[in-house]
Amino acid sequence: MSGKKFQRFATRHLQKISVAAALLTAASSGWAQQDITKIIVAFPPGGPVDFVARTVSEQLGKELGHTVLIENKPGANGAIAADTLLRSPADGKTLWITSVGAVAINPALYPKLPYQPLTDLVPVSLAVNNVEMLVVNSKSPFSNGRDLVEAARKNPGRPITMASSGTGSVPHLAMELLNESANIQMMHIPYKGAAPAITDVIAGHVDGFFGDIPGLIGHIQAGKLKPIAIAAPKRHPRFPEVPTYTELGYPGVDSDNWYGFFAAKGTAPEDVSRLSQALHRALHHPTVKERLEASGAEVAGSAPDELRKVLEADTKKWSAVIKKNNITAN
């Protein structure tokens, strides 16, 4: 074979190899893209919802047999995350983990909400339950939740002040439930987030705060906050000595800032079922369960229908509280 013929021969084969390599790369890229499940978080990295998502993601990847990535989309009270989910293909490859506020409270607070949770979202599974616990400064004279109620009742000229993480937040609404049940009127002091609210309770500037246990547990263990009541039907396993408000004689004070996984409308039922079962296994994996429970959260995991019932019930419940108390978003 002459030099020119060999050059032409080599060139043609190199071209074939290049085309084949390009096709293989494209196919591999396509497969890699297909073998990824994305979890959208409506909060910045490092927060409690993000913690739950990242804690479960690795084990969920093992259950699904492929990579699970976290994508943080904070802002607009969850609307940015919801929009990201609804713009994604309804193929079971994208999940949104959110707290109760964005799906059961926002519809009543924001009349022009750009998404409708009950129709635009497909429930997949509950993640964790985060019941609210009432805490006061460690030096507070209140030893239990009844003491605080009696102080509010006996001295209406000096109202009990209750911090919250914002108007319409779960801590705010828990306070309203207690006001109604005990027939008292505590003063609401809204903050921009739980952290500054907790700081002012520790400093003694505000009397109390209803908060998620994962956000309080470190301050309680450090002796800076004192838990005096649980806003739940039963006592919390990490704090068995703290009574519920029902036990103290004030029924109906039940607030749970649960986190749940949702898919976009149109996701096939078989994909929803597959994801729900994988999430249940991942959440109850011993390592994952232990880490979540150590944070103060109560591991849930549920069938899609169970989450739908919880969403419907809480939407009705919180809408009634918001309407009765004329609560509007800031």
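- Hydrophobic clustering keeps I228 apart from L225 (ILVMFWY residues linked when any side-chain heavy atoms are closer than 4.5 Å, directly or through intermediates).
- For E293, the side-chain hydrogen bond (donor to acceptor under 3.5 Å, both in side chains) partners are K289, not counting sequence neighbours.
- Here the side chain of S57 pairs no donor or acceptor atom with the backbone of V68 at under 3.5 angstrom.
- Annotation: side chain of F261 is not in contact with side chain of L60 (no heavy-atom distance under 4.5 Å).
- Looking at H172 and T167, their side chains come closer than 4.5 Å, going by heavy atoms from C-beta outward.
- In this structure, the side chain of N137 engages the main chain of K139 through a donor-acceptor pair within 3.5 Å.
- Among residues two or more places apart in sequence or in another chain, the side-chain hydrogen bond (donor to acceptor under 3.5 Å, both in side chains) test is passed with D200 by Y191.
- A donor-acceptor pair under 3.5 Å is absent between the side-chain atoms of S181 and the main chain of L177, judged by distance alone.
- Heavy-atom contacts from other residues, nucleotides or ligands closer than 6.0 Å to NZ of K317 number more than 12.
- Remark: the backbone N or O of K93 is paired with a side-chain donor or acceptor of D91 at under 3.5 angstrom.
- No single ILVMFWY cluster, assembled from side-chain heavy atoms under 4.5 Å apart, contains both V272 and L126.
- Using a 4.5 Å cut-off between side-chain heavy atoms of Ile, Leu, Val, Met, Phe, Trp and Tyr, with links allowed through other members, V288 and V41 fall into the same hydrophobic cluster.
- Judged by distance alone, with hydrogens and angles left aside, the side-chain atoms of K73 form no donor-acceptor pair with the main-chain N or O of L85 at under 3.5 Å.
- When atom types are taken as modelled, the side chain of S295 and the backbone of L292 share a donor-acceptor pair closer than 3.5 angstrom.
- In this structure N77 satisfies the side-chain hydrogen bond (donor to acceptor under 3.5 Å, both in side chains) test together with Y110, sequence neighbours excluded.
- In this structure, I220 is a member of the same hydrophobic cluster as I213, with clusters built from ILVMFWY side-chain heavy atoms closer than 4.5 Å.
- Here E176 contributes atom CD and M186 contributes atom CE; the two are 8.0 Å apart, rounded to the nearest 0.5 Å.
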